[in-house]
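Order of the sequence lines sets the chain letters (A, B, ...), proteins ahead of strands, with each chain counted from 1.
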Amino acid sequence: MAQKPSIPKGTRDFLPIEVARRTYIFDTIKHSFKKFGFAPIETPSFELSSTLMGKYGEEGDRLIFRILNSGDKMLKADLQALEDKNLARFANSLAEKALRYDLTVPFARFVVQHQNDLSFPFKRYQIQPVWRADRPQHGRYQEFFQCDADVVGSDSLIYEVDFVFLFDEILSNLQLPSFTIKINNRKILSGIAEVSGESDKLIDITVAIDKLDKIGEEGVIKELTEKGLSTEAIAKIQPLFSFSGTNEEKMDKMKEFLATSEIGQKGLEELQFVFDQVNDLGLQKAELEFDITLARGLNYYTGAIFEVKANGVKMGSICGGGRYDDLTGLFGMKGMSGVGISFGADRIYDVLTELELFPKETDQGLTLMFVNFGEKEQAYCMKLVKATRDNGIDSELYPTAAKMQKQMKYANDRKVQYVAIVGEAEMAENLIQLKNMETGEQAEMSIEEVIVHLNRV
RNA sequence: GUGGUUGUAGCUCAGCUGGUUAGAGCACUAGAUUGUGGUUCUAGGGGUCGUCGGUUCGAACCCGAUCUUCCACCCCA
């Protein structure tokens with residue numbers, strides 16, 4: 001019985017042309033990561049549940065794919081927990097492993113586990129898929145690639161500056177015409193909560209403020225009220241809702257607003273350092289914007305928070321990142337500040353597709369295909385193919401002596417760049433008809449000339 | 001996880017208030033064209049109408065469940 005083939009929701013197959021384009025993105029990112037001093041590592045696609053659970057907040061836990069225990073391990077299910085309706089505990093007893101949700105937490109685990117083999121500050125990059133049990137939507141997949149660069153073991157702010165330049169360089173190299181790097185600092189958000197007198201409601205406040213441009217001032221006030229903030233507290237925060245101006249103007253206003261908050265002032269100082277450095281050195285295409293409503297990101301961030309938006313397309317953030325002071329502390333290693341960023345390769349792919357920004361070269365197929373005219377010609381061409389391959393030219397021979405039209409159409413569909421036509425006449429003269437499939441131009445030349453010619457393109 | 005939406009040929013979609021053998025374009029195969037593709041012409045192959053169940057004399061069409069798509073929320077790359 002023929003089964004209708006399909007794949008799980010939120011996942012995709014990739015055709016050769018798509019892989020070529022994705023490779024272009026990955027290579028561009030890798031190139032700059034390496035240039036900035038990051039070395040690649042890899043970690044398993046699944047981790048122990050206990051490594052991941054509880055690191056991303058309640059929402060995050062819900063989105064982690066669990067891996068059901070197999071075989072006799074199923075017998076370890078904690079039925080008592082089920083009876084007690086302790087679903088979290090019951091689930092943990094059923095699934096000891098889980099697919100990684102991001103690359104940062106596994107990296108923290110990695111650093112703690114291999115601390116004796118690493119020199120700090122340790123800089124690594126990592127390009128691997130992650131999985132989230134989220135509802136698929138535009139630009140949201142259940143399986144997608146993250147491209148992370150992190151440095152752990154230093155609280156120096158020069159890394160924040162470096163990451164701004166990494167965003168700028170990579171996205172500029174990908175020819176993205178316009179994008180905005182939004183930056184904020186968790187300490188500023190803490191300062192806001194402190195000034196309002198509701199420090200314990202930091203998360204609620206930041207989540208609500210984050211939605212400002214979506215639900216408006218009234219919506220934010222409504223949400224804050226629902227979360228139990230006092231009218232006075234809301235009144236104190238309210239001036240932030242009509243916040244605008246240049247980065248400098250915003251900084252000045254915030255310095256005033258957070259005058260009484262030590263932690264808030266610290267956040268502003270950190271931010272100021274980044275702005276000063278970036279202004280000194282200059283960006284290519286990026287626009288750096290201080291956005292106090294930028295609050296999202298994982299709740300383990302403690303300092304800088306980054307998010308990058310591609311302008312002119314309907315797409316969520318294409319990159320994110322931030323500083324986390326105590327992530328390794330969760331695995332028993334204190335005093336290791338880390339900071340890192342992540343490129344959402346799949347979203348970048350969607351943006352580049354929509355804006356038609358992939359270079360033409362990524363769509364090119366095989367360099368050279370020989371037409372097959374029959375037994376004698378086939379044997380002769382096999383030698384020529386070996387010669388071109390030995391000289392580093394991607395090449396092949398059509399497998400049968402099908403009609404020329406069919407062979408040409410096949411070459412055309414595969415986006416073959418050149419076709420070599422070698423029949424009786426050419427064999428007699430020791431020549432090859434080389435046809436450029438794009439221009440249609442055709443020229444007769446020796447195999448040596450073909451090799452020289454194609455190695456040049 | 002909440003609310004809504006979608007599913008007909010490989011692809012994009014028609015298919016009237018339920019009524020014989022479910023259509024088109026593109027793609028595919030063959031021929032017009034025995035050594036020249038991305039243009040034409042002709043013919044042909046291909047569909048358990050997402051899946052399972054129900055209502056009905058009769059279901060692609062109505063009802064239920066489930067999966068999937070897309071959208072809003074939650075959250076996020």
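Nucleic acid contact class of C147(A) (heavy atoms, under 4.0 Å, all strands): none. Residue E58(A) is classed as having no contact, given no heavy-atom separation below 4.0 Å to the nucleic acid. G139(A) comes within 4.0 angstrom of a base, heavy atoms only. Residue-level contact check: K309(A) touches neither bases nor backbone, having no heavy atom under 4.0 Å from any strand. Heavy atoms of V207(A) sit under 4.0 angstrom from primed sugar atoms or phosphate atoms, though from no base atom. Residue G374(A) is out of contact with every strand shown, counting any heavy-atom pair closer than 4.0 Å. As judged by a 4.0 angstrom heavy-atom cut-off over every strand, E426(A) is placed among the base-contacting residues. Among the atoms of the strands shown, none is found under 4.0 Å from any heavy atom of A345(A). K415(A) comes within contact range of no nucleotide atom at all, as no heavy-atom separation falls under 4.0 Å. Q407(A) comes within 4.0 angstrom of no nucleic acid atom, judged by non-hydrogen atoms across all strands. S317(A) comes within 4.0 angstrom of sugar-phosphate atoms only, judged by non-hydrogen atoms across all strands, and of no base.
Salt bridge annotation for E59(A)-R62(A): present, with a cationic side-chain nitrogen under 4.0 angstrom from a carboxylate oxygen.
In this structure, K214(A) reaches the C73(B) phosphate: one of its side-chain N or O atoms is under 4.0 Å from OP1 or OP2. Dashed line: the shortest gap from a side-chain N or O of K403(A) to OP1 or OP2 of A30(B) is not under 4.0 Å. For A72(B), one of the phosphate oxygens OP1 or OP2 lies less than 4.0 angstrom from a side-chain nitrogen or oxygen of Q137(A).
The distance from atom CZ of F373(A) to atom C1' of U34(B) is 11 Å, rounded to the nearest whole Å. Summarising the geometry, the separation between NZ on K9(A) and C1' on U66(B) is reported as 12 Å, rounded to the nearest angstrom. Between the CD atom of Q433(A) and the C1' atom of G35(B) there is a distance of 10 Å, rounded to whole Å. Atom-to-atom, OH of Y410(A) to P of A27(B) comes out at 19 Å; the value is rounded to the nearest Å. With rounding to whole Å, M404(A) atom CE is found 19 Å from G31(B) atom C1'. Between the CG atom of D346(A) and the P atom of A77(B) there is a distance of 13 Å, rounded to whole Å. Summarising the geometry, the separation between CD on Q126(A) and C1' on A77(B) is reported as 15 Å, rounded to the nearest angstrom.
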Can you give the dot-bracket line for RNA chain B, where a pair is Watson-Crick or G-U wobble with both atom distances under 3.5 Å, crossing pairs use [ ], and | marks a partner on another strand? ((((..(..((((.....[...)))).(((((.......))))).....(((((..]....))))))..))))....
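A side chain to side chain contact (heavy atoms under 4.5 Å, CB included) with D150(A) holds for exactly one of Y159(A), Y125(A), Y324(A); it is Y324(A).
Taken from NZ in K415(A) to CD1 in I17(A), the straight-line distance is 5.0 Å, to the nearest 0.5 Å.
The base of G3(B) sits with one of its N or O atoms less than 3.5 Å from a complementary donor or acceptor on the side chain of R135(A).
Comparing K406(A) and G423(A) along RNA chain B, the residue whose closest nucleotide (by nearest heavy atom) sits nearer the 5' end is K406(A).
Taking Q405(A) as the reference, K403(A) meet the side chain to side chain contact (heavy atoms under 4.5 Å, CB included) condition, with sequence neighbours excluded.
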Taking only N/O atoms, report every protein-nucleotides 39-47 of chain B pair under 3.5 Å with atom names and distance.
none

